Amino acid sequence: MYPKLNREFYRNPNVVELAQHLLGKFVCTQFEEGLTVGMITETEAYCGATDKACHAYPNKRTKRTEIIFGDGGFAYIYLCYGLHHMFNIVTNVTDAADAILIRGIAPVKGIEIIESRRNMSVNRKQISSGPGTVAQALGIRTNHYGTDLLGDTIWLEDRGIQFTKDQLLIGPRVGIDYAEEDALLPWRFRVKGNKYIGK
DNA sequence: ATGTCGATTTGCT
DNA sequence: GCAAATCGACATA
């Protein structure tokens, strides 16, 4: 058994730092089909107070963004383009609207389940590189909005892997040109050399 | 009540 | 390389 990431881990007030620490952590989902696990290879940080790219900017509370204002360690999931489920991890404490988008994972366990969900072989990088494909590979859908990541359906594990900064690719986030000057912030993190990351 | 558009992926040219 | 797919949240009326 590996230790599950706890509430204090998610409450880190520095969402950019936490986005880096999430690389090498393992996302686990336990649904009807069985257990699936993937190692996080790509993340993006969003900071609701100051970040124009964040759905909760500037402290905008709506039905959809409400969970981002809650305590750290819950799932923020939304539908993009009507078909892609985006899996985010809410961080920081209540009323601080920070979240981290999971953009890439390396499949670890439940390979057959993941392959059947994605309808492709696990040796193709497209199976889980990109936020929409990550959620599909793990079986995460918008009906899991608000799931407590300390429960037993979706959770994260620390298996002792961590990366130093020189092992990472750090750059601006993807698809947020509308965020003006914030579009340039280097808040996207990838594990250098890993197969399951975006371009 | 209605119109717009997105933190994307895929397949066809 | 480009455009279609397809839903709901949000803003406007």
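The structure presented is a predicted model; accordingly, all values stated were derived computationally and were not measured. Lettering follows sequence order; numbering is per chain, from 1.
A/L79 has its CG atom 9 Å from the P atom of C/dA9, to the nearest Å. In this entry the distance linking CG of A/N143 with P of C/dG8 reads 12 Å, nearest Å. The nearest whole Å value for the distance from the CG atom in A/L83 to the C1' atom in B/dT9 is 7 Å. Here the P atom of nucleotide C/dG1 and the NZ atom of A/K199 are 9 Å apart, to the nearest Å. The distance between atom CD1 of A/I127 and atom P of B/dT10, rounded to the nearest whole Å, is 10 Å. If you measure from atom CD1 of A/I197 to atom P of B/dT8, you get 16 Å, rounded to the nearest angstrom. Between A/H85 atom NE2 and B/dT9 atom C1' there is a gap of 13 Å when expressed in whole angstrom units. Put simply, CG on A/L101 is 14 Å from C1' on B/dT9, counting in whole angstrom units.
With B/dA7, C/dC7, B/dT8 as the candidates, the nucleotide lying closest to the side chain of A/I176 is B/dA7. Listed nucleotides: C/dC10, C/dT6, B/dT9. Nearest to the side chain of A/K63: C/dC10. Distances were taken from every side-chain heavy atom of A/N88 (C-beta onward) to each of C/dC10, B/dA7, C/dA5; the shortest belongs to B/dA7. Listed nucleotides B/dT8, B/dT10, C/dG8 differ in distance to A/M86; the shortest reach to its side chain belongs to B/dT8.
Side-chain atoms of A/T36 and A/T29 include a donor-acceptor pair closer than 3.5 Å. Between the side chains of A/N12 and A/E17, at least one donor N or O lies within less than 3.5 Å of an accepting N or O.
Here A/Y81 does not lie in a stacked arrangement on the base of C/dA5, lacking the combination of planes under 30° and ring centres under 5.5 Å apart.
In this structure, the side chain of A/T43 engages the main chain of A/A19 through a donor-acceptor pair within 3.5 Å. Remark: side-chain polar atoms of A/D98 are not paired, donor with acceptor, to backbone N or O of A/N92 under 3.5 angstrom.
In this entry B/dA7 has no Watson-Crick or G-U wobble partner, no candidate having both defining distances under 3.5 Å.
Residue A/R118 is classed as a sugar-phosphate contact, given heavy-atom separations below 4.0 Å to backbone atoms only. Within 4.0 Å (heavy atoms only), A/K52 reaches no atom of the nucleic acid at all. Across all strands shown, A/T142 has no heavy atoms under 4.0 Å from either base or sugar-phosphate atoms. Residue contacts shown for A/R64 are limited to sugar-phosphate atoms, with no base heavy atom under 4.0 Å away.
Ring pair A/H84/A/Y81 is perpendicular by interplanar angle, where above 60° counts as perpendicular and below 30° as parallel.
B/dC5 and C/dA3 have their C1' atoms separated by 16 Å, given to the nearest Å.
Other residues, nucleotides and ligands contribute over 12 non-hydrogen atoms within 6.0 Å of the CG atom of A/N123.
For C/dA9, neither phosphate oxygen OP1 nor OP2 lies less than 4.0 angstrom from any side-chain nitrogen or oxygen of A/T62. Distances shorter than 4.0 Å separate none of the side-chain N or O atoms of A/R103 from OP1 or OP2 on B/dA7.
Side-chain atoms of A/H84 stay outside donor-acceptor range of the base of B/dA7, with no qualifying N/O pair under 3.5 Å.
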